[in-house]
Protein chains: 2
Amino acid sequence: MQSKPATIKAIAQILGISASTVSRALHDHASIGLTTKAKVKKLAEELNYEPNQTAIFLQKGKTHTIGVILPELAEDFFSTAVSAIEDTAYKKNYTVLIAQSHDDEAKEKLLVEKMKSHRVEGLLVSVGKNTSSYQHFEDLKKYNIPVVYFDRIPGIPNIHYVACNMETGTIEAVNYLLRKGHRVIGMINGPQAMVATGERREGYISAMTKNRLKYDPSLIVSCDLTEHDTQRALEQLLNNKRRPTAIVTFNDYVALFALKHAKKLNVKINEELELVSYANLPLINYMDNIPVASVEQFPYLQGQKATDILMDLLHHKSTAASEPGAFYKVIIESQLVENKR
Amino acid sequence: MQSKPATIKAIAQILGISASTVSRALHDHASIGLTTKAKVKKLAEELNYEPNQTAIFLQKGKTHTIGVILPELAEDFFSTAVSAIEDTAYKKNYTVLIAQSHDDEAKEKLLVEKMKSHRVEGLLVSVGKNTSSYQHFEDLKKYNIPVVYFDRIPGIPNIHYVACNMETGTIEAVNYLLRKGHRVIGMINGPQAMVATGERREGYISAMTKNRLKYDPSLIVSCDLTEHDTQRALEQLLNNKRRPTAIVTFNDYVALFALKHAKKLNVKINEELELVSYANLPLINYMDNIPVASVEQFPYLQGQKATDILMDLLHHKSTAASEPGAFYKVIIESQLVENKR
DNA sequence: AAGTTTAACGCAAACGTTTGAGCAATTTTA
DNA sequence: TAAAATTGCTCAAACGTTTGCGTTAAACTT
């Protein structure tokens with residue numbers, strides 16, 4: 001078998017015409033005769049000709065490829081976001097390159113280099129939870145590679161992003177618990193560096209004070225989202241002088257860790273302790289007992305919007321460049337959904 | 001700002017030397033003077049030079065890219081498999097291009113074209129559940145693009161694949177249920193076209209007959225894995241003349257659909273009816289009640305092995321070509337894991 | 001001192017495609 | 001029937017790299 005795919009040159013040689021004619025024929029250019037076109041197309045079909053994108057990329061300077069950098073593909077939130085990204089990109093005839101940082105800032109930097117090297121036209125990123133500097137992303141602007149952040153966004157100005165406003169959902173969550181009669185409500189929050197951590201905290205404080213309850217800082221404890229640290233955080237809350245009867249956890253994984261540990265500690269879920277979480281997992285509502293409610297973060301929507309924005313940026317580069325102060329900031333309001341039993 | 005990244009040519013021009021010298025200098029070629037090397041590297045650093053992969057691809061005829069085609073990224077099984085693929089590929093300095101078929105055979109074909117067009121060096125694929133012809137994949141062999149199938153593999157000879165042998169796990173599952181005292185065991189199986197459907201069926205029959213129980217065909221009903229059809233299948237089993245007290249479901253999603261519907265039908269889970277499933281979901285073991293056990297399919301391992309095989313194929317192409325009869329067939333034995341309460 | 005080696009670099013082609021400009025036939029116009 | 005317009009095609013350069021081969025000048029032989 002022919003190991004190498006057919007090229008335009010090969011077609012040209014067989015037909016005894018020039019490569020440019022073949023190229024134009026395949027593109028239905030007006031200045032090529034119908035008989036020639038027919039011959040070319042027929043042979044291309046026969047040889048199973050497939051344009052070499054890498055050559056086209058080089059020639060046109062456009063790769064029609066976007067990159068995605070995110071912490072963990074296996075996490076349900078991200079995989080559905082990527083699913084949306086791929087779907088949306090596919091419709092616009094873009095290809096997507098993925099890479100996961102595993103929350104490692106050093107690797108994140110390397111991945112940016114790799115993406116740059118691959119000449120992606122734009123980048124979609126959800127930053128690692130430990131990432132402290134965003135310079136490696138911001139540098140891309142110099143090369144006209146737009147970056148759209150989603151979900152885990154940096155807390156810096158002048159960026160494009162789509163994210164959930166966690167404050168809204170958190171307020172709803174706390175209100176929900178208050179309505180159910182809870183007065184001492186704890187929170188297992190995320191790392192201080194994350195924007196979402198601050199929003200949850202603000203939401204918590206806002207809901208409490210709006211309800212004329214005093215805010216007790218000892219009821220909010222941050223953790224690094226690992227199972228181990230969640231256990232520590234849970235114990236810290238349970239041993240607090242004012243022991244919470246309900247806890248808002250940073251996300252579903254944390255909720256599951258906490259649940260597991262609570263069982264081990266013989267804390268009766270939904271009697272002694274109720275949980276409210278932020279949905280990253282699809283089937284939490286198939287579960288019994290926990291958590292009683294979740295704050296939905298719309299991963300598919302986020303992925304979709306982020307890709308739309310990137311596409312817009314790519315196709316109106318001039319506009320974006322001419323209005324350097326204009327940044328997309330799409331905020332999806334998080335929403336409390338009560339989990340049906 | 002400079003909108004376009006620096007090129008070798010640009011560096012050459014600035015330094016007043018030739019492009020080839022710059023290229024060699026950057027690669028630490030022996031025949032370039034140390035002072036020149038130093039100058040080149042310094043300037044490259046300053047200009048933030050990043051080699052243009054598309055150009056290198058074209059020149060070398062190697063893209064260092066592999067493609068992944070699978071049905072649904074948002075499904076947990078696949079996302080963790082992709083996570084493994086990306087991790088493994090990254091270590092070998094390969095980039096991964098992903099695309100989802102959404103179980104649509106026509107789209108699957110288009111994606112193959114796209115991958116071919118992108119000149120991926122190899123392909124990892126998990127076929128759609130309705131895919132009946134595999135010609136679009138097999139055609140790639142002509143172009144020396146190796147294909148490694150994983151998990152959802154075609155039932156044809158002469159292919160490389162890694163998959164779980166569902167028969168083993170199914171036998172274990174049925175044995176487990178028999179030990180628990182069940183005698184009438186149902187099965188909600190997948191589409192007939194899937195290899196895994198056959199394996200489950202064989203496992204079921206094998207376990208039953210080995211235990212001297214007669215095999216009742218009406219207890220195995222196939223469904224298309226949608227929620228709706230699962231409901232139908234469940235009802236069919238519940239209305240069977242011999243009503244099963246336990247059901248083996250095709251996967252966790254089907255189990256969840258069945259569970260949901262069973263609740264609606266007022267069937268008491270784990271009293272009237274026990275479920276055993278095949279794990280695709282990570283947190284099924286955090287759940288109460290269902291299912292009592294799962295057959296683990298090791299998604300990360302599958303992704304990893306599949307990528308390893310592909311890498312091997314890519315690096316020993318000659319070997320593979322010289323021994324046309326040699327195909328990788330990695331079978332991971334599925335394994336029953338009892339879900340801890 | 002003439003010949004030979006070696007070090008350091010440049011030339012040019014190639015990868016596959018696109019595209020502006022040019023050119024030769026053929027057809028149209030006046 | 002000569003000039004002008006149209007048709008259908010070819011040439012050559014370009015995109016950014018790599019690489020075999022050639023070239024120059026300096027350093028080393030004997």
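Chain naming here is simple, since letters A, B, ... match the order of the sequence lines and numbering starts at 1 in each.
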Span of DNA chain D, from the first to the last nucleotide whose atoms fall under 4.0 Å of chain A heavy atoms: D/dG8 to D/dG16
A/Lys107 NZ/CZ over B/Tyr90 ring centroid, <6.0 Å and within 45° of normal: yes
B/Ile11 CD1 to C/dG10 P, straight-line distance once rounded to whole Å: 14 Å
Given DNA chain C, 5'-ward residue of the pair B/Ser18 and B/Arg119, judged by closest heavy atom: B/Ser18
Touch class at under 4.0 angstrom, heavy-atom based, for A/Ser20 against every strand present: base
Five-pair end axes of the helix from C/dA1-D/dT30 to C/dA30-D/dT1 and the angle they enclose, rounded to 10°: 50°
Polar side-chain atom of B/Glu108 near backbone of B/Gly128 as donor-acceptor pair, under 3.5 Å: yes
Whether A/Phe137 and A/Tyr149 hold their rings parallel, tilted or perpendicular, with breakpoints at 30° and 60°: perpendicular
Pairwise salt bridge (Lys or Arg N to Asp or Glu O under 4.0 Å) hits with a residue in residues 18-41 of chain A, at least two apart: A/Asp28-A/Lys37, A/Asp28-A/Lys41
Lys/Arg N to Asp/Glu carboxylate O, B/Asp103 vs B/Arg152, below 4.0 Å: yes
Heavy atoms of other groups near B/Lys305 NZ, more than 12 under 6.0 Å: no
Atom CD of B/Glu45: over 12 foreign heavy atoms under 6.0 Å: no
Side chain to side chain contact (heavy atoms under 4.5 Å, CB included) partner of B/Val22, the single match among B/Ile8, B/Ile32, B/Ile14, B/Thr7: B/Ile8
Exercise: do B/Thr65 and B/Glu121 side chains pair donor with acceptor under 3.5 Å: no
Contact residues, residues 21-38 of chain A to DNA chain C [heavy atom, < 4.0 Å]: A/Ser23, A/Arg24, A/His27
Mutual orientation of the aromatic rings belonging to B/Phe150 and B/Phe78 [parallel < 30°, tilted 30-60°, perpendicular > 60°]: perpendicular
Ring centers of A/Phe57, B/His118 separated by less than 6.0 Å: yes
For B/Gln53, side-chain hydrogen bond (donor to acceptor under 3.5 Å, both in side chains) partners two or more places apart: A/Ser117
Nucleic acid contacts - residues 49-61 of chain B versus DNA chain C, non-hydrogen atoms under 4.0 Å: B/Leu58, B/Gln59
